[in-house]
Amino acid sequence: MKKLYNEFFYVPKHGKVKEKVMLMRTAMTVIIMVVCLFAMSFTAYAYFSHNVTSGSNIIKAAYFDAQITVNNSTNDIVLTKDGKYQTATLPAGEYIIKLERGSSTADTGFCIITIDDTDYYTQQIGVDVGRNLTDGSASVEFTLKVSSATEIKILSHWGTFSCYGYENTSDNPLYIKSDDVIDLTDSNDSNGEGDNSDGQDGSGTTTDTTTPPTTDTTTGSEPSNTTPSTTEPTGTSEPTESTTEPTTSISTEPTVTEPTVTEPAATESTDTTEGTETQPAEEITGAPTTEASE
Amino acid sequence: MPSNAKKKTYKRIALALSLCALIIWGVLGTGASLAWFSDTSNEVNNIFHFANFEVAVSHRTDEGKWEPIDGRTDIFDDEALYEPGYVQVVYLKVENKGDCAFDFHTAVTVTNYTKATNVFGQHFFLHDYLRFGVAVAETEDEMNEMVATRALANEIATMKLSRYETDVAALEPGETAYMALVVRMPKEVGNEANYRGDDIPKVELGIIVKADQQK
């Protein structure tokens with residue numbers, strides 16, 4: 001350092017000043033002036049600008065995984081979870097199937113139940129489309145009667161079923177409400193049709209489960225023209241086992257299976273009516289910052 | 001030095017000094033004449049002071065009160081869980097409490113996110129399934145009307161959740177601007193975002209309000 005100083009900055013008291021010392025000192029002065037000018041301009045700019053930052057705002061998602069109990073007069077059936085479905089093979093008999101929210105953090109959802117290659121869908125479990133907890137909607141309980149070993153697969157699906165192309169009509173035999181009876185024991189079994197009744201005669205027809213989405217709108221805005229995103233082919237996952245052990249717990253640990261899923265149906269659309277029902281107008285007041293799902 | 005050379009030098013110096021004196025006399029005379037034939041008013045009072053630049057940004061709580069925002073303020077509800085059809089609205093207010101007008105704009109960015117697994121065993125990111133929007137209003141009532149119903153809020157929140165900036169708006173001293181930030185999950189989002197396992201899908205949003213003095 002001293003060598004450098006003597007070389008470039010030293011000014012002798014009684015001697016001649018070297019040219020490079022003079023140049024170096026002049027250059028240092030100019031550099032310091034330029035730096036000060038920059039600092040002054042940035043300071044002036046900063047003085048007359050201002051940023052307000054809100055820290056990390058965390059947004060999280062809920063999940064829906066129905067708690068399912070299947071039992072008959074003698075014992076409870078344990079369903080096997082193979083990733084997305086909960087499956088079981090039911091011997092002949094009459095079964096009470098109960099679907100509840102369980103530990104799900106989502107407020108609402110429904111289930112798609114595949115019975116012998118026919119897809120049924122349930123009413124909303126949790127709150128209904130109007131965000132009301134009506135009688136029976138906290139869980140869905142129905143009766144299934146089979147005359148031979150029958151495989152059932154149950155898929156928990158979040159959201160409102162009418163948003164995925166499932167019609168909300170009471171006379172649709174594929175629509176399961178609480179207290180419904182699905183009777184597969186009569187001759188309809190032979191041609192693959194089921195009889196879904198509420199204690200009344202059902203139509204017992206076999207229809208496609210992937211009905212086109214209802215596009216009824218009240219506002220005249222763009223309809224949600226999305227295909228249901230839960231149309232997984234029934235042949236992609238096989239039940240691993242069926243047991244009749246007298247336990248009631250249902251495994252909810254996920255396993256990875258080969259998915260066949262459509263692209264996210266996250267289209268932007270305004271409200272559509274839920275099938276034949278008109279969605280009540282939701283009021284978002286000024287104060288609350290959170291809203292429940294539809 | 002020879003006396004002739006000395007004399008020449010002295011002569012040059014004297015001539016240069018005379019020339020300078022002549023120029024100075026000319027400038028003084030001209031300046032004095034101009035001053036004699038012009039007048040100025042002494043009533044102008046010029047006061048120079050630094051402008052007071054002050055921006056206040058606050059958010060509205062559930063109780064309806066406005067609270068200031070700093071770097072640690074979370075304006076979105078951390079406990080809210082998004083599912084299809086869920087809509088969350090937060091309200092911001094920007095005030096010009098200083099003496100000079102400024103231009104401001106609001107930026108929203110995704111600062112962090114986690115990967116999760118859905119029902120089908122696929123990985124997904126939550127922000128791919130969320131929609132976002134900002135409504136700007138001049139009064140609080142106008143802002144409330146813009147997001148009064150779910151349908152209106154859905155119409156505002158149409159953009160994918162990523163980096164977004166509002167247009168630059170001007171705010172004069174004493175003026176206030178209101179903004180409603182809407183984040184929603186469209187009700188058509190299916191099981192591809194219904195997660196399984198212990199990894200909860202999350203998105204972290206950063207919100208910046210930047211104000212610059214007008215030029």
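Proteins come first, then strands; the chains are lettered A, B, ... in the order of their sequence lines, and each starts at number 1.
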For [X], is it the side chain, the backbone, both or neither that has a heavy atom under 4.5 Å from a heavy atom of chain A?
| X | result |
| --- | --- |
| B:M143 | neither |
| B:A180 | neither |
| B:I200 | side chain |
| B:V183 | side chain |

Option in [options] with maximal non-hydrogen atom pairs under 4.5 Å from chain A:
| options | answer |
| --- | --- |
| B:L152, B:T111, B:V57 | B:V57 |
| B:L81, B:D78, B:N194 | B:N194 |
| B:L126, B:L92, B:V94 | B:L126 |

Problem set entry | Candidate pair A:I152 and A:T114, rule side chain to side chain contact (heavy atoms under 4.5 Å, CB included), full reasoning | CA-CA 5 Å; A:I152 64 165; A:T114 305; over 6 Å; no
Exercise. What is the ring orientation for A:F110 with A:F161, classed by angle as parallel under 30°, tilted 30 to 60°, or perpendicular over 60°?
Worked result: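 Plane angle over 60°, so perpendicular.
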Exercise. Can you find a side-chain donor-acceptor pair between A:N172 and A:Y121 that sits under 3.5 Å?
Worked result: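 Per modelled atom types, A:N172 and A:Y121 side chains form a pair under 3.5 Å.
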Exercise. Would you say the side chains of B:R196 and B:N191 form a donor-acceptor pair under 3.5 Å?
Worked result: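 There is no such pair between these side chains.
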Problem set entry | ring-ring contact (aromatic ring centres under 6.0 Å, His included): pairs with one or both residues in residues 175-207 of chain B, sequence neighbours excluded |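 Qualifying pairs, neighbours excluded: A:Y63-B:Y195, B:W66-B:Y178.
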Exercise. Is there a donor-acceptor pair closer than 3.5 Å between any side-chain N or O of B:D212 and the backbone N or O of B:D103?
Worked result: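 Judged by distance alone, no pair lies under 3.5 Å.
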